[in-house]
Amino acid sequence: MSEERSLNFIEQIVEEDIANGVNNGRVLTRFPPEPNGYLHIGHAKSIVLNFGLAQKYNGKTNLRFDDTNPVTEDTEYVESIKNDIRWLGFEWAAELYASDYFEQIYQFAITLIKKGLAYVEDATAEEIAKHKGTPTTPGTPTPSRSRSVEENLDLFQRMRNGEFKDGEKTLRAKIDLASPNMHMRDPILYRIKHAHHHRTGDKWCIYPMYDFAHGQSDSIEEITHSICTLEFIPHRPLYDWFIKELEIFPSRQYEFARLNLNYTVMSKRKLKLLVEEGFVKGWDDPRMPTISGLRRRGYTASSIRELCERVGVQKRDHVIEIGLLEFCIREELNKTANRVMAVLDPVKLVITNYPDGLVEELTADNNPEDESAGSRTLHFSKTLYIEREDFMENPTKKYFRLGPGLMVRLKNAYIIKGESVEKDADGNITTIYATYLPESKSGGDTSGLTVKGTIHWVSAEHAAKAEVRLYDRLFTSENPNAEEADFRTFLNPDSLQVIPEAYVEPSLLEAKVGDRFQFLRKGYFSVDPDSTKDKIVFNRTVTLKDTWAKESKKA
RNA sequence: UGCCCGAUAGUAUAAUGGUAGUACGACAGACUCUGACUCUGUUUGUCUUGGUUCGAAUCCAGGUCGGGCAACCA
């Protein structure tokens, strides 16, 4: 299937470059995160693209941390990023840091100063902004712009020496204050930050801006294809200007549209806010679109890769429906997840004509989609739990489940017929009474009856208890970013529903963290790391498709 | 009213001057010891106006609409 897939525009460029002998056919990409947050599914698209390109064209991919802003960065993020990339199934050729190049980048700045192409600026941020003009009016030079090379050299050295306070001076490129491209209007190259860096410690008090570090880092590593997102298109002329003036390796930048998903947000800043303000329980909260969140939720790396492949690579903005991600994980788990029975909202069912005290052992297939998954033994007895929603006292005409006089199949067991109910003072059903057909046993059914519905159950005496966490979309708005109000006002108050005591097959007590199951008719679930010896916790990864829910909503 | 990028069914994606296809979704049906899976069928699309051409989603020009750019963030 994928071999028939047509080339995306970046693959086309790479193939042309190889055909034309550009860089002797060498392909070296890089994935360049800033260690200031956890990776999300949007990063997965970039990872799959960059690493995938290298794999496909016999190249390599570097992992380079763009750590040029010491105040936002942390080693915790470095570790999580490395962990997430590996989990997604990729390994980098080299682990590198922009901060490794600080001395070299400093020398690049000296080179520009000596060429009369950079100057030390005295103006404040506000003054610089004012002098920059607007997109429709050209900027005007500040007095600093006319400094001599010698003075600039001296001042820049003194910036490095720590003689100035934060914000007191900057180094700017001297390009074109009238450029229609705002990024070419003498952009800032260096700023003063007396801050501790997660790798270089207190060695530096001046740090290069992203624009003066990213492209140069690519050149230093001799990256052939530097792939980034659309918003950096207007930066490209600046990078090309540096390449020309510094006479360094000409990495070429190509831009693609970032991945957006509906009903969530994809900015690290916003995700960080959700974590810090306690709207979620951490970066790996299963409701988060982070790699770690999706992993904990039960998503597989291959399902995330599959989404990235299906979405493709192009230059137009898009918003992917969350349903496509859900399709990807269902498609995989349908083939691989063992089926088990779990009753999430239990009601007691007594089979009045079943012998007291009898326990039968029944056989159940683990996965109808995979014969090699084998089978397991189930215990059946007189008193069971079934799902409350699988009984209706006054059933509608298309209701294929249990009700007074209605027959259903208990999965892997018998056909039963609803007889009567017992209620509490509030009118809630506390017990359902039914009779069973002894000759309808699964595997040896001689009853000749066919029933429309099959429901799941667990034996009351044998059931184990488990905590089950049901997740729904994090936001109520399809695009919280596009709304007028703050994105946090669209948080879904029902995004997490905890069921403290669901009844599950006892075999599940042996499940390990990360194991995935299909709870028959309820969805795919995986074991959460919060599980202990005494209490196992399941996360609902995704529901099964539910045409009945849709049907009943219509009515 | 500057510069840059983009526009194909509801969503996403293909067709690279030669039959507008695919996936997800929706709808209808078949099957079913999961109202799942699987299978079948249906529906809906080239932003607009001109031009080039035997032929345009594709090339050109104007327009419209959407997005980005004026951080000592990346």
Side-chain angles (χ1 to χ4, degrees), chain A residues 4-9 12 32-34 36 66-69 71-72 121 124-125 128-130 132-139 166-172 179-185 188-193 206-207 209-211 213-214 228-237 255 257 262 268-269 310-321 323-328 330-331 334-335 339 341 364-365 368-369 398-401 408-415 440 442-443 445 450-456 518-523 543-552:
Chain A
E4 289 170 27
R5 208 194 82 218
S6 52
L7 264 32
N8 66 50
F9 80 99
Q12 287 181 26
E34 186 193 10
N36 67 345
D66 270 338
D67 53 353
T68 56
N69 187 358
V71 302
T72 60
E121 175 65 80
T124 63
I128 291 174
K130 198 157 42 165
K132 263 199 176 167
T134 70
T136 51
T137 57
D166 286 10
E168 206 174 326
K169 298 210 179 318
T170 56
L171 183 75
R172 298 177 72 182
S179 173
N181 181 343
M182 296 302 287
H183 296 277
M184 299 299 274
R185 317 244 272 221
I188 292 171
L189 269 25
Y190 266 91
R191 77 287 218 195
I192 299 170
K193 276 180 193 283
I206 57 172
Y207 293 92
M209 296 290 291
Y210 171 86
D211 274 348
H214 188 92
C228 64
T229 44
L230 256 27
E231 69 268 28
F232 291 104
I233 290 176
H235 298 241
R236 190 181 346 119
E255 309 87 4
N262 62 10
K268 271 196 275 186
R269 204 197 98 244
R310 282 175 176 267
V311 161
V313 180
Q314 61 299 115
K315 296 188 77 159
R316 49 178 179 267
D317 292 318
H318 56 216
V319 182
I320 305 295
E321 291 175 342
L324 187 61
L325 209 215
E326 295 179 343
F327 169 82
C328 291
R330 284 191 189 113
E331 183 188 41
N334 177 50
K335 297 191 196 105
R339 274 62 168 169
M341 295 199 282
D365 285 339
E369 307 286 325
K398 278 162 108 184
Y399 188 78
F400 303 143
R401 305 180 192 178
V408 285
R409 156 85 54 191
L410 291 172
K411 178 74 178 174
N412 298 119
Y414 297 95
I415 291 173
S440 66
S442 292
D445 187 345
T450 53
V451 290
K452 208 68 162 112
T454 300
I455 64 173
H456 60 280
Q518 184 194 106
F519 287 2
L520 225 58
R521 304 205 301 136
K522 300 299 330 177
T543 60
L544 256 29
K545 258 177 71 176
D546 192 350
T547 49
W548 166 246
K550 224 165 16 188
E551 186 75 24
S552 48

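In what follows, every heavy atom counts, from backbone to side chain, and hydrogens, waters and symmetry copies are set aside. Source: prediction; values computed, not measured.
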For RNA chain B, the dot-bracket notation using Watson-Crick and G-U wobble pairs below 3.5 Å, [ ] for pseudoknot-type crossings and | for other-strand pairs, is .((((((..((((....[..)))).(((((.......)))))....(((((..]....))))))))))).....

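Within the 4.0 angstrom heavy-atom criterion, base atoms lie near A:Leu520. A:Val451 comes within 4.0 angstrom of nothing in the nucleic acid, heavy atoms only. Looking at heavy-atom distances under 4.0 Å, A:Glu321 makes contact with a base. Residue contacts shown for A:Glu121 are absent, as no nucleic acid heavy atom lies under 4.0 Å away. Residue-level contact check: A:Arg339 touches the bases, meaning some heavy atom is under 4.0 Å from a base atom. Within the 4.0 angstrom heavy-atom criterion, base atoms lie near A:Lys411. Residue contacts for A:Thr547: at a heavy-atom cut-off of 4.0 Å it reaches the sugar-phosphate backbone alone, with no base atom in range.
Within 3.5 Å, a donor on the side chain of A:Gln12 pairs with an acceptor on the base of B:U16, or the reverse. Judged by distance alone, with hydrogens and angles left aside, A:Arg401 brings a side-chain donor or acceptor within reach of the base of B:G35, the pair sitting under 3.5 Å. Residue-to-nucleotide contacts include no donor-acceptor pair under 3.5 Å from the side chain of A:Arg409 to the base of B:U32.
Residue A:Tyr399 places its side chain closer to B:G35 than to any other of B:A15, B:A74, B:G35.
Put simply, A:Gln518 has no side-chain N or O that comes within less than 4.0 Å of OP1 or OP2 on B:A36. Phosphate contact (OP1/OP2 of B:C73, side-chain N/O of A:Arg191, threshold under 4.0 Å): present.
Using cut-offs of 30° and 60° for the angle between ring planes, the A:His183 and A:His235 rings count as tilted.
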